[in-house]
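One structure below.
Worth saying up front: this structure is predicted, and the values here are computed from it rather than measured. Every number for a ligand or one of its atoms is a count from 1 in the order of the listing.
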Amino acid sequence: MKIAFGCDHAGFNLRDAVLKFLNGRNIEIIDFGSKELNENDDYPDVAFKVARAVSDEEAEAGIILCGTGYGVAISANKINGIRAIACDSAEGAASAKRHLNLNVITLGGRFTKPEEVDGILSAWLDTPFEGGRHLRRINKIAMVEGSTLSANLQSGGRVVIFNHPLVQHKMGLIRSVETSVKQFRELLQEIAGLMVYEITRTLPLAEIEVQTPITKTKAHTIEGRKLAIVPVLRAGLGMVDGILQLVPNAKVGHIGLYRNPTTLEPVEYYCKLPFDIEERDIFVLDPMLATGGSSAAAISLIKKRGGKKISLVNLIAAPEGIEKVHSEHPEVDIFVAALDSHLNEHGYIVPGLGDAGDRIFGTK
Ligand code: RB5
């Protein structure tokens with residue numbers, strides 16, 4: 001785990017205690033200073049550095065110190081995707097993590113004693129985020145600020161929501177009951193294509209040399225990373241072409257599951273994956289993450305066949321589905337265009353868009 005850290009002069013008295021705590025846990029530290037006491041430093045400067053490191057995902061979380069913990073928290077919260085508050089007790093830190101998935105904790109050097117640091121930071125790091133309705137709530141905040149950052153601490157899988165205006169505009173159209181089968185199909189491919197930008201954000205680049213008509217220059221190429229997309233039949237098929245348009249070399253596997261009418265458990269009826277699946281970054285496609293039963297089962301199936309690096313791509317997810325997938329596969333990143341409210345008594349996502357399979361293939 002990597003944590004970004006910083007302090008101003010009024011939090012400096014806690015600096016050693018924090019660093020000692022982090023070193024004791026073998027946590028990698030990005031230290032933005034101040035490394036020496038400087039009575040003239042201003043807390044927003046260091047707060048922004050730490051918060052940006054977390055927002056840019058250079059660090060998984062941040063710790064910032066000032067006199068009260070308040071000024072750095074206010075500053076950090078101005079940066080996209082940051083949820084920072086000042087904690088002066090272990091109870092407060094645990095609760096903030098449980099409900100808010102606090103990704104930046106701030107401490108006040110005037111309120112907290114060095115010997116209290118371990119208890120507060122341990123409570124923050126060791127308490128798991130509860131997800132569920134709390135995830136829905138913090139994602140409402142993320143939607144307002146236009147952030148896609150909802151990373152969990154402790155190297156858990158992330159839930160990344162695409163709130164790009166183009167995606168959200170198309171989501172409005174695709175949800176509408178007025179949208180025809182043809183339009184629905186087109187919109188689904190378009191949204192899936194737009195989601196590829198975020199999904200492929202972390203692909204490593206290699207530098208290459210290119211001859212332009214004018215001169216030679218350095219450019220970049222995606223570094224020999226192999227991708228596989230695996231639609232869950234049948235609705236997942238509706239996302240394949242949109243993604244292949246942008247990553248044409250990705251291999252495509254297929255998984256078919258049906259729900260046993262008695263046990264309601266998903267049962268495999270078809271599975272064909274690329275032969276080298278264990279080497280590939282795998283994206284499981286399923287427009288609707290409702291109960292999460294079939295997505296979780298599809299991921300288990302891929303793991304059984306050797307798949308290691310697996311993410312899930314959905315158009316709409318319900319908190320119940322996210323919880324189910326993360327309870328069985330906590331490391332899996334889930335990429336969604338919308339996180340909806342809940343499931344109704346028939347297992348449909350509310351507000352949702354109905355049955356994606358029926359709407360793609362016109363079967364209802
Ligand atoms: C600096 O004196 C102090 O104002 C600052 O560290 C912080 O407490 C602000 O909230």
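Between Arg98 and Glu91 there is no salt bridge, since no side-chain nitrogen of the basic residue lies less than 4.0 Å from a carboxylate oxygen of the acidic one. A salt bridge between Glu60 and Lys2 is absent, with no side-chain N of the basic residue lying under 4.0 Å from a carboxylate O of the acidic one. Note on Arg280 versus Asp276: salt bridge recorded, some NZ/NE/NH1/NH2 to OD/OE distance being below 4.0 Å. For Glu320 and Lys324, the salt-bridge test fails: no basic side-chain N is under 4.0 Å from an acidic carboxylate O.
Close approach of ligand 1 to Ala10 is summarised as follows: ligand atoms under 4.0 Å from at least one heavy atom of the residue are 6 (O). Within the listing of ligand 1, atoms 9 (C), 10 (O) sit less than 4.0 angstrom from a heavy atom of Gly71. Of all atoms in ligand 1, numbered sequentially from 1 with element shown, those under 4.0 Å from a heavy atom of Tyr43 are 5 (C), 9 (C).
Among protein heavy atoms, atom 2 (O) of ligand 1 sits closest to Arg110 NH2, 3.1 Å. Nearest protein neighbour of atom 7 (C) of ligand 1, counting heavy atoms only, is Cys66 SG, 3.4 Å. Annotation: atom 1 (C) of ligand 1 to nearest protein heavy atom, His9 NE2, 3.6 Å. Nearest protein neighbour of atom 8 (O) of ligand 1, counting heavy atoms only, is Thr68 N, 2.9 Å.
Note: an N/O pair closer than 3.5 Å links Asp8 and ligand 1 by distance alone. At under 3.5 Å, not a single nitrogen or oxygen of Val72, backbone or side chain, sits near a nitrogen or oxygen of ligand 1. For ligand 1, the polar-atom distance check against Gly67 finds a nitrogen or oxygen pair separated by under 3.5 Å.
Within 6.0 Å of CD on Glu178 lie no more than 12 heavy atoms contributed by other residues, nucleotides or ligands. The local environment of CD in Glu268 is crowded, with over 12 non-hydrogen atoms from other residues, nucleotides or ligands closer than 6.0 Å.
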* Assess whether salt bridge (Lys or Arg N to Asp or Glu O under 4.0 Å) is satisfied between Arg175 and Asp340, documenting all intermediate values. => CA-CA 12 Å; Arg175 282 183 193 271; Asp340 276 10; 2.7 Å; yes

